[in-house]
Amino acid sequence: MTAFWLMKSEPEVFSIDDLADKQTSGWDGVRNYQARNFMKDMTVGDRVLFYHSNASPSGIAGIAEVCRTAYPDPTQFDKKDGHYDPKAAPDKPIWFQVDLRFVSKFPRFIALDELRGISAIQDMMLFRRSRLSVQPVTPQQWRIITKRGGG
DNA sequence: GCCAACGTTGGC
DNA sequence: GCCAACGTTGGC
């Protein structure tokens with residue numbers, strides 16, 4: 001069954017517009033076990049809220065979908081990459097990524113302030129687990145947010 | 001740039 | 001296995 005997620009990216013590094021340009025992109029660089037485990041749970045066709053973090057303002061910018069399930073993140077093996085992990089080896093990968101495909105950019109960006117004002121979504125992990133960069137979203141939360149965003 | 005929150009590491 | 005130190009995330 002299709003599941004719903006929220007994934008954070010700093011727009012200075014990779015924004016919804018960057019994904020729109022590329023159409024598909026690997027979601028590399030995740031170095032948190034809980035976030036990794038959520039990515040391992042994803043299946044092709046799952047829908048993703050693309051969240052801009054560390055932005056002004058931060059908030060939800062659009063929608064993507066999973067187009068490839070979890071596979072080893074190559075940056076963990078690359079000494080020259082900032083996400084290099086010396087404990088990982090190609091036969092013993094630690095970190096995984098999925099690939100995302102661009103679906104849409106919201107006509108109405110939904111800032112964090114506005115999200116905080118929607119009473120029906122206050123149990124989102126976004127508010128309770130502030131630092132988790134990959135997190136599940138319930139169908140109800142998905143419906144409310146995508147309706148607000150206009151697409 | 002600051003700093004609170006919080007996940008990870010490492011000494012014991 | 002505890003927990004202090006440390007590093008990172010992310011809002012502001």
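Throughout, a chain's letter reflects where its sequence line sits, starting with A, and its residues are numbered from 1.
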Notebook entry, point to check: For every nucleotide of nucleotides 7-12 of chain C, 5' to 3': is a protein heavy atom under 4.0 Å from its base (B), only from its sugar-phosphate (S), or from neither (-)?
Noted result: BBBBBS
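- Annotation: of the two residues near DNA chain B, Arg128(A) and Lys87(A), the 5′-most nearest-nucleotide partner is Arg128(A).
- Pairs passing the ring-ring contact (aromatic ring centres under 6.0 Å, His included) check and including a residue from residues 50-105 of chain A, sequence neighbours excluded, read Trp27(A)-Phe50(A), Tyr33(A)-Trp95(A), Phe50(A)-His52(A).
- With sequence neighbours excluded, the residues that form a salt bridge (charged side-chain N to carboxylate O under 4.0 Å, His left out) with Asp113(A) are Arg116(A).
- Not counting sequence neighbours, the partners of Ala35(A) by the side-chain contact (heavy atoms from CB on, under 4.5 Å) test are Val30(A), Asn32(A), Leu132(A), Ser133(A), Val134(A).
- Not a single salt bridge (charged side-chain N to carboxylate O under 4.0 Å, His left out) links Glu10(A) to another residue, sequence neighbours left out.
- Scanning for side-chain contact (heavy atoms from CB on, under 4.5 Å) contacts around Thr69(A) gives Val44(A), with sequence neighbours left out.
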